[in-house]
Amino acid sequence: MVAPSHTRCAQTTRSISFIPISQHTANKQLLESQLISLLHHCTNLNHIKRVHAQIIRHGLHQSSFLLAKLIRTLTKLNAPMDPYPRLAFQQVKQPNPFLWTSLIRGYSFQRPLNDSILLYNSMRRVGTGPVSFTFTALLKACAAALDADLGRQIHGQTITIGGFASDLYVGNTMIDMYVKCGFLDCGHKVFDEMPDRDVISWTSLIVGYARRGYMDSAGRLFDELPLKDMVAWTAMVTGFAQNARPREALCFFDRMQDAGIETDEVTLVGVISACAQLGATKYANWVRHVAEKSGYGPTNNVVIGSALVDMYSKCGNVDEAFKVFDNMRERNVFSYSSMIVGFAMHGRANAAVQLFHEMVKTDIRPNGVTFIGMLTACSHAGMVEHGRHWFATMEKSYGVTPTADHYACMVDLLGRGGCLEEALELVRTMPMDPHGGVWGALLGACRIHANPDVAELAAVHLFELEPNGIGNYILLSNIYASARRWDDVARVRKLMREKGLKKDPGSSWVEGKKGKIHEFFAGDVTHVKSREIRQALDDLVNKLQLQGYKPNLSCVPYDVSDEDKKRILMTHSEKLALAFGLLSTSAGCTIRIVKNLRICEDCHSVMCGASQIAGREIVIRDNMRFHHFSDGKCSCGNFW
DNA sequence: GTAGGGTTAG
């Protein structure tokens with residue numbers, strides 16, 4: 001017999017069998033395990049309620065065993081513990097520790113943490129002893145709430161109650177709790193004192209070191225780890241990727257494959273992130289091939305898809321990013337935000353806006369990152385009014401409260417757009433303390449609009465907030481240099497010397513034949529083809545000069561002769577990379593260059609001219625954004 | 001019941 005409601009349900013979701021009452025007295029244990037199995041396959045709240053009705057019909061509503069499974073299933077489906085699971089729990093006269101703990105754990109996934117603690121105290125009051133599962137549930141809740149004080153108290157209980165501190169599961173969860181709360185040393189102490197450890201204990205600690213940026217310590221632990229599994233290897237790959245060490249991440253992935261370890265989607269996400277940082281087409285195509293070969297193609301996997309969208313954008317290929325995005329079967333806020341940020345970086349503000357509207361229509365709610373993308377898109381396109389609109393509506397219409405990062409974007413937008421006073425006013429009136437990003441945006445705007453006075457004000461705050469941020473000193477020095485205030489330039493440079501800060505050398509790299517990467521530093525003459533590169537650059541500049549190009553000497557922030565300035569300009573790393581790209585790739589090939597610093601105005605105009613004379617598309621990723629040069633024009637509209 | 005993941009501005 002099948003109830004009508006059941007038939008309706010079976011059309012859309014997995015069906016729930018009913019167990020005839022006549023069987024129930026035959027074997028209670030068998031019945032319990034059948035009901036457990038039904039709960040195990042429940043995929044929604046209605047399924048669970050129907051199985052619960054069966055539990056009651058069979059007179060098993062006092063079974064802690066069944067009710068614990070019921071609550072764990074509800075937890076898995078992210079159902080609230082009030083009122084339904086709580087009421088089901090209250091009907092059990094003598095709940096066993098597992099049932100108590102299931103409810104404690106259920107509450108722990110949904111803050112406040114207090115509910116879990118109150119229940120734990122009630123459990124102790126009625127004289128029910130905890131089990132190790134109780135402590136893992138409580139510790140996990142502390143980790144999620146980043147409440148190390150409470151975590152310490154629970155740690156204390158595992159010792160005083162006895163026996164639990166030596167439990168492997170409790171120990172592992174404790175390491176994870178301390179690590180997540182930022183107490184790496186306490187996590188390490190727990191690890192040292194554990195009588196038994198497994199690969200999970202080691203990995204928890206490795207991740208702790210990796211997240212703090214201590215990759216050397218993480219590596220030493222990894223080397224000592226007797227049996228390394230896929231998760232441990234992945235922790236290292238991801239650790240390097242998250243610490244901006246993409247080459248080492250890829251190297252580790254190679255080692256992982258050589259060791260015959262399987263790869264899953266989490267590993268791939270780390271590898272894709274490393275490739276995104278390198279920004280090289282060769283690696284981008286390689287990792288996509290690896291992902292597809294391993295069965296994690298972007299079409300069916302939303303996380304891999306979103307990571308690839310980000311990677312292609314960062315590799316300068318925003319069209320390919322959109323192709324991936326367009327073919328994804330499922331999209332979420334990460335996919336949309338990655339694509340919007342991608343469009344923003346490439347100066348395609350209208351595409352970003354269009355995608356935003358589409359996202360809202362599909363009922364995916366934008367988050368803070370989405371609006372960072374929207375504001376950046378407007379900023380890079382000089383769309384001040386549009387930016388004002390998004391900033392004003394993000395909270396009112398979409399419930400996203402602006403953070404200091406959003407204020408930084410607004411300061412950037414207003415500042416670049418020439419509204420320096422308004423930008424300064426926004427910094428003064430923002431509801432939270434401005435961080436380095438906010439003052440940095442203002443300082444950047446002062447460079448564009450040559451305003452040394454406001455720059456000084458921003459720099460005072462920046463030097464305090466980021467005393468070792470070399471870029472800020474250089475920016476201020478360059479702003480003084482543009483105003484020919486050489487004494488002030490000297491003063492900033494002296495300050496840098498006193499602090500022992502050294503300027504990062506400008507470097508650019510370009511992919512040559514077969515994807516080989518060639519890196520150039522400013523003034524570099526070490527490349528084997530250095531003479532040909534120099535000659536190609538001279539030829540190019542001669543042709544440009546015939547069309548009216550004049551070297552922009554204000555791009556050299558030194559008090560030297562004009563001849564010296566011209567010489568220095570011709571050795572900028574992106575020009576060397578361009579000349580090499582022209583020499584080493586065939587006509588019609590796009591030249592892709594990555595630069596570690598911001599591209600200067602002179603190089604920017606040379607790139608514009610070169611794209612026309614050589615008939616080539618040139619894509620440059622600098623430390624701010626992408627520039628697409630084609631037919632003598634740049635996608636940034638000379639506004640960057 | 002315990003470990004690894006994607007989007008963020010100057």
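All values reported here derive from a predicted model rather than from experimental measurement. We name chains A, B, ... by the order of the sequence lines, and we start the count at 1 in each one. Computation of the quantities below employed the complete heavy-atom set of this structure, encompassing side-chain atoms and omitting hydrogens, waters and symmetry-equivalent molecules.
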So what does [X] hit on the nucleic acid, given a heavy-atom distance under 4.0 Å: a base, only sugar-phosphate, or nothing?
X	result
Val309(A)	nothing
His435(A)	nothing
Thr403(A)	nothing
Gly436(A)	base
Thr134(A)	nothing
Gly270(A)	nothing
Ser204(A)	sugar-phosphate
Asp167(A)	base
Met624(A)	sugar-phosphate
Asp405(A)	base
Leu462(A)	base

Not counting sequence neighbours, which residues clear side-chain hydrogen bond (donor to acceptor under 3.5 Å, both in side chains) with Lys76(A)? List them please.
none
Test side chain to side chain donor-acceptor pair (under 3.5 Å) on Thr267(A) and Asp264(A); report intermediate values, then the result.
CA-CA 6 Å; Thr267(A) 323; Asp264(A) 76 355; 3.1 Å; yes
Taking atom [atom2] of [N] as reference, at what distance in whole Å does atom [atom1] of [X] sit?
X	N	atom1	atom2	result
Phe222(A)	dG4(B)	CZ	P	15 Å
Met430(A)	dG10(B)	CE	C1'	13 Å
Tyr169(A)	dT2(B)	OH	P	8 Å
Ile372(A)	dA9(B)	CD1	P	7 Å
Leu221(A)	dA3(B)	CG	P	18 Å
Trp202(A)	dT2(B)	CH2	P	22 Å
Leu168(A)	dA3(B)	CG	C1'	11 Å
Ile154(A)	dG1(B)	CD1	C1'	15 Å

Closest to the [X] side chain, choosing from [options]:
X	options	answer
Val341(A)	dG1(B), dT8(B), dG4(B)	dT8(B)
Thr136(A)	dG10(B), dG1(B), dT8(B)	dG1(B)
Phe133(A)	dG10(B), dG1(B), dA3(B)	dG1(B)
Asp310(A)	dT8(B), dA3(B), dG1(B)	dT8(B)
Val369(A)	dT7(B), dG4(B), dG1(B)	dT7(B)
Thr376(A)	dG4(B), dA9(B), dA3(B)	dA9(B)
Arg105(A)	dG6(B), dG4(B), dG1(B)	dG1(B)
Val207(A)	dG4(B), dG5(B), dG1(B)	dG4(B)
Ser337(A)	dT7(B), dG10(B), dG6(B)	dT7(B)
Val231(A)	dT8(B), dG4(B), dG1(B)	dG4(B)

Flag, side chain of [X] to backbone of [Y], donor-acceptor distance under 3.5 Å:
X	Y	value
Asn623(A)	Arg598(A)	yes
Arg288(A)	Ile272(A)	no
Thr238(A)	Ala235(A)	no
Ser102(A)	Phe98(A)	yes

Under 4.0 Å, heavy atom to any atom of DNA chain B: which of residues 66-75 of chain A qualify?
Arg72(A)
Heavy atom of residues 324-336 of chain A under 4.0 Å from DNA chain B: which residues?
Asn332(A), Val333(A), Phe334(A)
With side chain to side chain donor-acceptor pair (under 3.5 Å) as the criterion, how do Thr173(A) and Asp176(A) come out once you've worked through the C-alpha distance, each side chain's angles and the decisive distance to 0.1 Å?
CA-CA 5 Å; Thr173(A) 319; Asp176(A) 186 56; over 6 Å; no
Counting only side-chain nitrogens and oxygens, does [X] get under 4.0 Å of the OP1 or OP2 atom of [N]?
X	N	answer
Gln242(A)	dG5(B)	yes
His406(A)	dG10(B)	no
Arg416(A)	dG10(B)	yes
Arg211(A)	dA3(B)	no
Lys228(A)	dA3(B)	no
Lys140(A)	dG1(B)	no

With Asn172(A) as reference, evaluate Thr203(A), Asp167(A), Asp198(A) under the side-chain hydrogen bond (donor to acceptor under 3.5 Å, both in side chains) test and give the passing residue.
Asp198(A)
Apply the side chain to side chain contact (heavy atoms under 4.5 Å, CB included) test between Met174(A) and each candidate in Met194(A), His155(A), Glu193(A); give the one that qualifies.
His155(A)
What about the rings of Phe325(A) and Tyr336(A), do their centers lie closer together than 6.0 Å?
yes
Strictly under 6.0 Å, is that where the ring centroids of Phe463(A) and Tyr473(A) end up?
yes
For the residue pair Phe322(A) and Phe343(A), categorise the inter-ring angle as parallel (less than 30°), tilted (30 to 60°) or perpendicular (more than 60°).
tilted
Between the side-chain atoms of Thr203(A) and the base atoms of dA3(B), is any donor-acceptor pair under 3.5 Å?
yes
Does Ser338(A) get its side chain close enough to the base of dG6(B), under 3.5 Å, for a donor-acceptor pair?
no
Got a salt bridge between Glu224(A) and Arg220(A), using NZ or NE/NH1/NH2 to carboxylate O under 4.0 Å?
no
